[in-house]
Amino acid sequence: MHREKPFLRAHLCLNSYLWKSAFTRAMGSRLVLGIETSCDETGAAVMDETGVILGESLHSQKEVHLKTGGIIPTIAQQLHRENIGRVVQEAMERSSISPSQLSAVATTVKPGLALCLGIGLDFSLSFVKKHQKPFIPIHHMEAHALTVRMLQPVVFPFLVLLVSGGHSLLALARGIDDFLLLGQTLDEAPGDAMDKVARRLSLIKHPKCSTISGGQAIELLAQDGDRLKFHFRPPMGAHYDCNFSFAGLRNQVKMTIQKKEAEEGVEPGTLLSCVNDIAAAMQHTVAFHIAKRTHRAILFCKAQGLLPSFNPTLVVSGGVASNQYIRKTLKIVTDATGLDLLCPPSKLCTDNGVMIAWNGVERLREGKGILSYTDVVHYEPKAPLGVDITAEVEAAAIKLPPLKLKIMD
Ligand code: KG4
Ligand code: ZN
């Protein structure tokens with residue numbers, strides 16, 4: 001009996017899924033193919049207008065980049081080139097539709113690594129040309145910010161925190177193509193800082209961490225660490241804005257590692273005995289910094305009347321958003337300020353074709369940014385998110401009321 005249950009559940013899910021997709025197709029729901037290649041994931045997905053994923057495929061380059069110690073753009077480009085055809089074909093085959101049934105193709109064109117964006121764009125442009133389909137250029141950050149609406153009806157405006165290996169920003173989403181940028185990182189993103197520290201600690205040699213990202217390794221080791229064994233100064237304490245900085249913190253941690261190596265008389269590259277405590281202290285400082293900036297962004301939006309009084313919401317996305325300690329710290333902030341905290345499941349927080357397809361669906365529904373003429377489309381490695389009001393936020397210089405950011409495990 002026990003063994004049958006999962007099968008039965010899967011069978012029922014599959015049946016209702018097939019029924020739903022057959023139904024939406026019969027009703028003439030429009031279908032979008034989404035393609036993502038802006039960084040280190042080659043992703044594709046076919047989605048109908050209601051947000052049902054008909055088929056998807058994802059090729060991650062993370063393991064390759066873990067071995068080379070970071071993303072080398074030419075290698076990333078080559079891997080996208082090798083995989084994009086197969087990934088798109090798989091997504092199409094899994095959805096059991098032909099290109100002629102698509103209403104549009106949506107592809108990330110900004111921001112991202114130039115060489116990688118180029119592969120996705122070239123592939124998409126020849127695809128739309130061959131099959132005579134409209135093209136929807138997608139802003140990668142907008143797609144991250146709006147993914148949550150695929151899962152539940154979050155209405156505009158809402159606050160968004162994007163934290164990953166490549167991004168760190170706070171923005172107010174007012175519409176599918178209407179964002180106010182409240183703050184962003186002045187140097188590097190939190191995932192990048194944790195990846196660099198993990199490499200400096202040689203966590204790849206740690207039996208528990210050899211195949212996971214730096215950020216995941218820090219979270220895992222921190223569970224057995226005592227964060228009070230080390231103190232790292234939280235970044236930008238005297239700046240009353242919503243910008244982020246992680247490079248200084250990364251340096252503080254690296255200096256501590258160097259000191260510990262000298263004390264223990266070991267060479268760089270040797271696993272330190274206090275690795276769990278360093279991970280816990282760094283994770284806490286990252287969480288603290290993110291929480292402080294988010295708290296200020298909430299107070300700024302409230303003071304300016306930018307958030308609705310009914311169900312104001314903070315959406316958190318990006319790879320770092322899967323960190324449970326950071327989520328718990330943010331929950332303290334949202335509980336204290338009366339906001340709902342929403343985090344899409346980890347799988348949808350990281351880069352994938354689904355979020356791009358969903359952004360295409362949202363644009364198709366509103367008839368925004370749909371191109372039938374593609375000769376003028378280019379990729380843009382750097383592209384800000386929305387209207388930059390970081391200077392206004394800084395000028396408001398909001399001082400935060402005391403709030404204990406203490407996580408009980
Ligand atoms: O969104 P994502 O897949 O791609 C980028 O935009 O980079 O995020 C990957 C980043 C990496 O830096 C990784 O170390 C970090 O997210 N990350 C985490 C966790 N899982 C992934 N950071 C902290 N805690 C985690 N559990
Ligand atoms: Zn991303």
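Whatever order the structure lists ligands and atoms in, that order sets their numbers, starting from 1. For reference, positions follow the sequence shown, starting with 1.
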Would you be so kind as to tabulate the donor-acceptor pairs closer than 3.5 Å made by side chains of residues 271-278, with sequence neighbours excluded?
{"from": "Ser273", "atom 1": "OG", "to": "Glu264", "atom 2": "OE2", "distance (Å)": "2.8"}
{"from": "Asp277", "atom 1": "OD1", "to": "Asp226", "atom 2": "N", "distance (Å)": "2.7"}

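Both tests pass for Lys399 against the ring of Tyr240: distance under 6.0 Å to the centre and angle within 45° of the axis.
Contact annotation: for Asp195 versus ligand 1, heavy atoms closer than 4.0 Å belong to the side chain alone.
Atom 15 (C) of ligand 1 has as its closest protein heavy atom Val320 CG2, 4.0 Å. At the top of the distance list for atom 20 (N) of ligand 1, counting protein heavy atoms only, stands Gln216 CG, 3.3 Å. For atom 9 (C) of ligand 1, the closest non-hydrogen atom of the protein is Gly165 N, 3.9 Å. At the shortest separation from atom 13 (C) of ligand 1 among protein heavy atoms lies Ser213 OG, 3.5 Å.
Using a 4.0 Å heavy-atom cutoff, Cys39 is absent from the residues neighbouring ligand 1. Close to ligand 1: Lys62, with a non-hydrogen atom less than 4.0 angstrom away.
Protein N/O/S atoms closer than 2.8 Å to the Zn ion (ligand 2): His140 NE2, His144 NE2, His167 NE2, Asp351 OD1.
Ligand 1 places these atoms under 4.0 Å from at least one heavy atom of Met194: 22 (N), 23 (C). Which parts of ligand 1 touch His167 is read off a 4.0 Å heavy-atom cut-off, strictly below it: atoms 6 (O).
For Ser168 (side chain) and Ala189 (main-chain N/O), no donor-acceptor pair under 3.5 Å exists by modelled atom type.
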